[in-house]
Amino acid sequence: MLLQMQDLHALCILNVSSSSSSPVILFLIFLLQRPPSPLSYAFSFFSYIKRLPPPSRFPHQRKRAVICGINYKGMGKNMELDGCTNDAISMQTLLLREFKFPASSIRMLTEMKGHQAPTKTNITLALRWLVQDCQAGDSLVFYFAGHGDQQPNNTGDEEDELDETLLTLDYETKGVIVDDEINDIIVRPIPAGVKLHAIVDACHSGTVLDLTFLCKADKSGRRWFWKEHRRPKKIGIWKGKKGGEVISFSGCDDHQNSVEKIIPRGAMTWAFIDAIYRGCGNTYGNLLLAMRSTVLKDCIDAASPIQEPQLTSSVVFDVFTRPFSL
């Protein structure tokens, strides 16, 4: 007969005052009262699936979003994409309908009429607006669909010695947006109580926000853990935040490419939105698993390279008990 944890705890309490307490009972009391190790970042899908998620610490006071989708029209066959504008519109609809973002709180940057052009200057200004005067309870979202790339890193803060970049509409003349810039603009300023989500559907986007922890699975796929993704502190480079929480879903790992479906939609964005509409977005872990399954089954054909959506974070948490919300 198996005892539930609360029954076991009650049993220990009843026996602790007894002078005849067995060594087994005393050992169980020690285990129950021992605090968890601060270095334990691992968790199992099967051990947490039935646990109730903890309540949100702060109610959302204000919501803001920056949505950017670039098709690079007129920039040559090898550069042009078909689905990024569609993805941006779909993400806007999702935030409005499912997560109750006010229309006035969403800034759209696409090549469509009525939207700001997704130039480097406009995107940078929009990101600064996103985090400006944010305070505890705020929920912020940055979405990007377009080209991503890598370039040599010269600061020593990358394990693979490569920086991840986002390509703006005018990147040929104004340059790309480097992950260091993104971290500096929207990660470092985040104060306690503020939550920022980034959803980046681009090639080489796995660690494009330069967040500290990368969610990984072991070979069995049953045990998930957080891998620290930062170089030693002696490098002298600090990429933190002011107590807030930053979480990023990205289209693929740093060494992978993100693809579009046959219909003009990004595979990762399609999988993300589909998972939420199907009710698979109740926790971060379930959302990530659903996204990976959809990308693998529905979006990638046999001739396409492997693409695995990634989850990175500025803090460690249990992805199968933390409820997902924007």
Side-chain angles (χ1 to χ4, degrees), residues 4-6 36 38 40-60 63 65 90-91 94-95 97-101 137-143 190 193-201 205-207 209 211-229 244-253 267-299 307-326:
Q4 296 293 328
M5 183 62 71
Q6 58 266 34
S40 178
Y41 300 148
F43 41 86
S44 167
F45 168 73
F46 297 100
S47 64
Y48 287 105
I49 189 171
K50 294 182 179 180
R51 288 179 56 183
L52 295 176
S56 176
R57 184 178 178 187
F58 296 99
H60 292 325
K63 296 191 175 189
S90 296
M91 187 59 63
L94 179 76
L95 294 184
R97 293 182 179 178
E98 298 297 318
F99 297 101
K100 310 306 178 185
F101 275 64
D138 288 355
S139 175
L140 314 175
V141 172
F142 169 50
Y143 172 80
I190 299 299
V194 175
K195 181 177 287 188
L196 166 67
H197 286 89
I199 304 153
V200 183
D201 195 352
S205 55
T207 61
L209 264 68
L211 300 179
T212 307
F213 300 101
L214 174 65
C215 190
K216 305 286 287 185
D218 65 10
K219 293 181 180 180
S220 71
R222 298 182 178 184
R223 183 177 172 84
W224 292 73
F225 60 94
W226 289 106
K227 175 186 176 184
E228 259 191 79
H229 192 270
E245 189 171 8
V246 184
I247 300 171
S248 175
F249 286 97
S250 52
C252 60
D253 207 343
M268 177 267 195
T269 302
W270 173 276
F272 179 85
I273 295 176
D274 175 70
I276 292 174
Y277 282 143
R278 288 191 294 113
C280 298
N282 58 329
T283 68
Y284 288 87
N286 289 340
L287 178 55
L288 180 63
L289 289 177
M291 290 169 61
R292 288 191 170 189
S293 176
T294 298
V295 168
L296 181 63
K297 293 179 181 179
D298 301 338
C299 301
Q307 176 184 349
E308 296 177 314
Q310 302 292 313
L311 174 65
T312 59
S313 175
S314 62
V315 297
V316 169
F317 61 92
D318 187 329
V319 298
F320 290 108
T321 60
R322 173 73 67 86
F324 170 76
S325 64
L326 296 176

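The analysis underlying the following values was restricted to heavy atoms, covering all of them including side chains, and did not include hydrogens, waters or symmetry mates.
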Side chain to side chain contact (heavy atoms under 4.5 Å, CB included) assessment of W226 paired with C215: CA-CA 5 Å; W226 289 106; C215 190; 3.6 Å; yes
Measuring from [X]:[atom1] to [Y]:[atom2], what's the distance to the nearest 0.5 Å?
| X | Y | atom1 | atom2 | value |
| --- | --- | --- | --- | --- |
| F213 | F225 | CZ | CZ | 13.0 Å |
| S139 | F101 | OG | CZ | 4.0 Å |
| L196 | L326 | CG | CG | 10.5 Å |
| L140 | K195 | CG | NZ | 11.5 Å |
| S90 | D274 | OG | CG | 11.5 Å |
| Q307 | R292 | CD | CZ | 10.5 Å |

Polar side-chain atom of [X] near backbone of [Y] as donor-acceptor pair, under 3.5 Å:
| X | Y | result |
| --- | --- | --- |
| K63 | V141 | no |
| S314 | V246 | yes |
| T283 | N286 | yes |
| E228 | T212 | no |

Option among L94, V295, T294 that satisfies the side-chain contact (heavy atoms from CB on, under 4.5 Å) test with F272: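 It is L94; the other options fail the test.
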Stepwise side chain to side chain contact (heavy atoms under 4.5 Å, CB included) test for F249 and M291: CA-CA 10 Å; F249 286 97; M291 290 169 61; 3.9 Å; yes
F320 ring center within less than 6.0 Å of Y284 ring center: no
Quick one: closest heavy-atom pair of [X] and [Y], and the distance?
| X | Y | answer |
| --- | --- | --- |
| S250 | S205 | CB-O, 3.1 Å |
| P309 | L288 | O-CD1, 3.6 Å |
| A290 | R278 | CB-NH2, 4.1 Å |

Whether over 12 other heavy atoms sit under 6.0 Å from R97 CZ: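 Atom CZ in R97 is not crowded, with 12 or fewer foreign heavy atoms closer than 6.0 Å.
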Side-chain ion pair, R322 and E245, N-O less than 4.0 Å: yes
Check: L289 and W224 side chains under 4.5 Å, non-hydrogen atoms: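 Of all side-chain heavy-atom pairs linking L289 with W224, at least one is under 4.5 Å.
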Min side-chain heavy-atom separation V200-M268 under 4.5 Å: no
Flag for Y143-T269: side-chain donor and acceptor within less than 3.5 Å: yes
